[in-house]
Amino acid sequence: MPLGLGRRKKASPLMEEDDMGERTALGVSHAGSVSGSSISPQIPGLPPPAPALRPRLVFHAQLAHGSPTGRIEGFSNVKELYAKIAEAFNIPISEVMFCTLNTHRLDMDKLLGGQIGLEDFIFAHIRGQKKELEVYKSEESLGLTITDNGAGYAFIKRIKEGSTIHRMQLINVGDMIEAINGKNLVGSRHFEVARALKELPRGRSFTMKLCEPRKAFDMIGQRSSSSANSAGISSGRGTLRLRAKGAPTVEELVSVIEEKAIQKVDDLLESYMGIRDSDLAGTMVELGMDKQNPDDFSQALDRTLGDFAFPDEFVFDVWGAIGDAKAGRY
């Protein structure tokens, strides 16, 4: 499908067609400075520039099932990003399910979380067909890994091969879980949905209301979250980090040590809680990198992420994963 990576030299409208010239690349040349902009580097010793003088980052986006290219700017968190996407494409914000970076396919490895590379191209996946299914829980684990979009929609990120859900061909990666046994779950976090699924009694049937993302023709029949055959666009080294509280910041990519620790913590989240959330894992790693003992780390988690009520054994394993990464034991 055409990607429409062009940009006019003159100020562009909110929507851009697909057949334009080359896109001007955005990249970080050093902390707080974006190459290609007219903003001068900050002089050491002086306060940062006023918000109005800071570089205004512009991203390009399409609807994943196919659309012209839109210009997205002026957002500071994920909810505002979805609002800008909805505005650009003239759709209700409730239609935006989640976004992938640099591929229009349902590739959960490319899921947009709390960070966007400054050269990343955004693909927005919107609501498609609804379905209601009856599922017989024959095993304790259904084989689902749940994540969420940061704005109230929890959806399926991974389906374990050979599991109960894997044997049901109508349930797919990317499906949003709207309700279980008639209980509305829109607005719930991923760990709350995972807990609700885990607490369902074994040996009984339950109903799930799902909504799948609208698909382009070449995505029909796709179940896998593998990225092996995904079309990709190379990403720059700089990232825009979105925060639930506070202004977004332009940062360099995380170090190899942090990256390895985040991967391990994300695996632990899936093992203990049935969710995958690289941004949550990243926050936990960030909290633990400068801590000297597990007690300090546990207290930091309680202050920042107390709503999750992590079990002690999970916290201990996370502390061990961070320690292994810091020691180079990948």
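Computed from a predicted structure; not experimentally measured.
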| request: Give me the ring orientation class for Phe310 and Phe308: parallel if the planes are under 30° apart, tilted from 30 to 60°, perpendicular past 60°. | output: parallel
| task | Enter the distance from Leu111:CG to Leu106:CG here, rounded to the nearest 0.5 Å. | result | 10.0 Å
| Side chain to side chain, Ile322 and Met284, heavy atoms closer than 4.5 Å | no
| remark: Taking every heavy atom of Gly274 against every heavy atom of Ala194, the minimum-distance pair comes out as O-CB, 4.0 Å
| Qualifying side chain to side chain donor-acceptor pair (under 3.5 Å) pairs with a residue from residues 291-302, counting only residues at least two apart or across chains | Asn293-Asp296
| request: Provide the closest heavy-atom pair for Gly117 versus Phe59 in the form atom of the first, atom of the second, distance. | output: O-CE2, 3.5 Å
| query | So, do Ile122 and Leu81 sit near enough that their side-chain heavy atoms are less than 4.5 Å apart? | reply | yes
Sequence neighbours left out, cut at 3.5 Å: what donor-acceptor pairs do the side chains of residues 199-210 make with other protein atoms?
from   : atom 1 : to     : atom 2 : distance (Å)
Arg202 : NE     : Ser138 : O      : 3.1

| query | Quick one: are Glu270 and Arg158 in side-chain contact, heavy atoms under 4.5 Å? | reply | yes
| Heavy-atom pair with the smallest gap, counting every atom of Glu258 and Met289 | CG-CE, 4.1 Å
Can I get a per-line list of side-chain donor-acceptor pairs under 3.5 Å for residues 90-100, giving both atom names and the distance, sequence neighbours left out?
from   : atom 1 : to     : atom 2 : distance (Å)
Thr100 : OG1    : Thr103 : O      : 2.7
Thr100 : OG1    : His125 : NE2    : 2.8

| request: Under the side chain to side chain contact (heavy atoms under 4.5 Å, CB included) rule, what do Lys137 and Leu142 come out as? Steps first, then yes or no, please. | output: CA-CA 7 Å; Lys137 189 176 182 181; Leu142 292 166; 3.9 Å; yes
| Euclidean distance, Gln169 CD relative to Arg167 CZ, rounded to 0.5 Å | 11.0 Å
| Where Phe89 and Pro68 come nearest, the two heavy atoms and their spacing | CE2-O, 3.4 Å
| query | Roughly how far, to the nearest 0.5 Å, is the CG atom of Leu57 from the CD1 atom of Ile116? | reply | 9.5 Å
| request: Show your reasoning for whether side chain to side chain contact (heavy atoms under 4.5 Å, CB included) applies to Phe155 and Thr147. | output: CA-CA 6 Å; Phe155 54 92; Thr147 189; 3.4 Å; yes
| If you measure only the distance, is there a donor-acceptor pair under 3.5 Å linking the side chains of Ser67 and Gln62? | no
| Considering all heavy atoms, the nearest Gly113-Val78 contact | O-CG2, 3.6 Å
| request: I would like to know whether Glu259 and Gln263 meet side chain to side chain contact (heavy atoms under 4.5 Å, CB included); could you show each step before the answer? | output: CA-CA 6 Å; Glu259 184 177 4; Gln263 291 173 356; 4.0 Å; yes
| field | Lys131 side chain to Leu170 backbone, donor-acceptor under 3.5 Å | value | yes
| query | For the atom pair CD1 (Ile146) and OG (Ser188), what is the distance rounded to the nearest 0.5 Å? | reply | 11.5 Å
| query | Is there side-chain contact between Ile275 and Leu280, with at least one heavy-atom pair below 4.5 Å? | reply | yes
| message | I'd like to know whether Ile156 forms a side chain to side chain contact (heavy atoms under 4.5 Å, CB included) with Ile177, so could you lay out the CA-CA distance, the side-chain angles of the two residues, the decisive distance to 0.1 Å, and finally the verdict. | response | CA-CA 8 Å; Ile156 299 170; Ile177 302 175; 4.3 Å; yes
| Hydrophobic cluster membership, Leu133 vs Leu197, 4.5 Å side-chain cutoff | yes
| Over 12 foreign heavy atoms within 6.0 Å of CG, Asn184 | yes
| said: Any side-chain to backbone donor/acceptor pair from Lys326 onto Asp290? Under 3.5 Å, distance only. | reply: no
| task | Scan for salt bridge (Lys or Arg N to Asp or Glu O under 4.0 Å) pairs involving residues 182-197, sequence neighbours excluded, and state none if there are none. | result | Asp148-Arg189, Arg189-Asp277
| Same apolar cluster: Leu305 and Met273, side chain cutoff 4.5 Å | yes
| Just how far is it from atom CZ of Arg127 to atom CD of Glu178, taken to the nearest 0.5 Å? | 4.5 Å
| task | Not counting sequence neighbours, which residues clear side chain to side chain contact (heavy atoms under 4.5 Å, CB included) with Glu313? List them please. | result | Tyr272, Pro311
| Do Ile171 and Val186 belong together in a cluster built from hydrophobic side chains that touch within less than 4.5 Å? | yes
| request: With sequence neighbours left out, write down each residue that passes side chain to side chain contact (heavy atoms under 4.5 Å, CB included) with Asp266, or none if nothing qualifies. | output: Leu269, Arg276, Ser278, Ala281
| field | Trp319 and Phe297 aromatic ring geometry - parallel, tilted or perpendicular at 30°/60° bounds | value | tilted
| field | 4.5 Å side-chain heavy-atom contact, Val173 and Ile159 | value | yes
| request: Please name the pair of heavy atoms, one in Gly74 and one in Lys84, separated by the smallest distance, quoted to 0.1 Å. | output: O-CE, 3.4 Å
| message | Less than 4.5 Å apart, side chain to side chain, heavy atoms only: is that true for Met176 and Asn149? | response | no
| For the atom pair NE2 (His190) and OG1 (Thr145), what is the distance rounded to the nearest 0.5 Å? | 11.5 Å
